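These notes are about the structure you will find just below.
Counting begins at 1 with the first residue of the sequence. Just so you know, these numbers use all the heavy atoms, side chains as well, and skip hydrogens, waters and symmetry mates. Owing to the predicted nature of the structure, the values given are computational and were not obtained by experimental measurement.
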Amino acid sequence: MASRNSNVGKLFDFSGNGYGVVTHEARVDYNTWSPVIHILKFTDDKHKDLTKLRFGYCDNTGRLLARPLFLSESELTELGKEVAKDPEMKKMLKGFCDQIR
């Protein structure tokens with residue numbers, strides 16, 4: 001697995017649907033791609049203080065790709081271990097995880 005630069009601190013803009021900053025990232029780096037979960041903190045006036053999760057993946061340069069995320073059970077487990085290291089992400093996913101237990 002190769003190490004990639006973090007997206008934490010990078011700005012996002014959803015073209016009229018809000019903008020803000022990536023505040024947290026859980027990621028597993030493989031040779032050519034990295035599945036990621038981001039916490040997005042919106043800062044525009046319309047969505048101020050809204051926080052959302054973004055699931056996706058990055059290419060081998062760390063650039064987020066606008067394509068569906070497909071994970072095997074083992075890849076999902078590895079990503080889950082990274083989420084467990086981040087209290088904010090863990091908190092946001094708790095309700096989801098409680099529903100599937």
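Checking Thr32 against Asn60 by side-chain atom types alone, no donor-acceptor pair falls below 3.5 Å. Side chain to side chain, Glu78 and Tyr30 meet the donor-acceptor criterion of an N or O pair below 3.5 Å.
The CD atom of Glu25 lies 8.5 Å from the OG atom of Ser34; values are rounded to the nearest 0.5 Å. In this structure, NZ in Lys91 is found 11.5 Å from CG in Asp86, a value given to the nearest 0.5 Å. Taking CG of Leu76 as the reference point, atom CG of Leu71 lies at 5.5 Å (rounded to 0.5 Å). Atom OG1 of Thr23 is separated from atom CE of Met89 by 7.5 Å, given to the nearest 0.5 angstrom. The distance from atom NZ of Lys48 to atom OG1 of Thr43, rounded to the nearest 0.5 Å, is 6.5 Å. Taking CG of Leu93 as the start and CG of Leu53 as the end, the distance is 5.0 Å to the nearest 0.5 Å.
Remark: side-chain polar atoms of Asn7 are not paired, donor with acceptor, to backbone N or O of Lys10 under 3.5 angstrom. A donor-acceptor pair is defined here as one N or O able to donate and one able to accept, closer than 3.5 Å; no such pair exists between the side chain of Asp13 and the backbone of Tyr19.
A tilted orientation is assigned to the rings of Phe14 and Phe42, their planes being inclined by 30° to 60°.
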Item to complete: Would you please test Thr51 and Glu88 for side chain to side chain contact (heavy atoms under 4.5 Å, CB included) and show each step?
Response: CA-CA 11 Å; Thr51 304; Glu88 284 297 311; over 6 Å; no
Item to complete: Apply side chain to side chain contact (heavy atoms under 4.5 Å, CB included) to the pair Lys41 and Asp49, showing each step before the final yes or no.
Response: CA-CA 7 Å; Lys41 176 78 170 178; Asp49 298 324; 3.7 Å; yes
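In terms of hydrophobic clustering, with Ile, Leu, Val, Met, Phe, Trp and Tyr side chains grouped at heavy-atom distances under 4.5 Å, Val22 and Leu65 are assigned to different clusters. No chain of hydrophobic side-chain contacts below 4.5 Å, direct or via other Ile, Leu, Val, Met, Phe, Trp or Tyr residues, connects Leu79 to Leu40. Connection of Val83 to Leu69 is established within a shared hydrophobic cluster, with ILVMFWY side chains joined at heavy-atom distances below 4.5 Å, either directly or through further cluster members.
Taking all atoms of both residues into account, the shortest heavy-atom contact from Cys58 to Val36 is SG-CG1, 4.0 Å. Residue Phe12 comes nearest to Val21 through the heavy atom pair CE2-N, 3.2 Å, listed as atom of the first residue, atom of the second, then distance.
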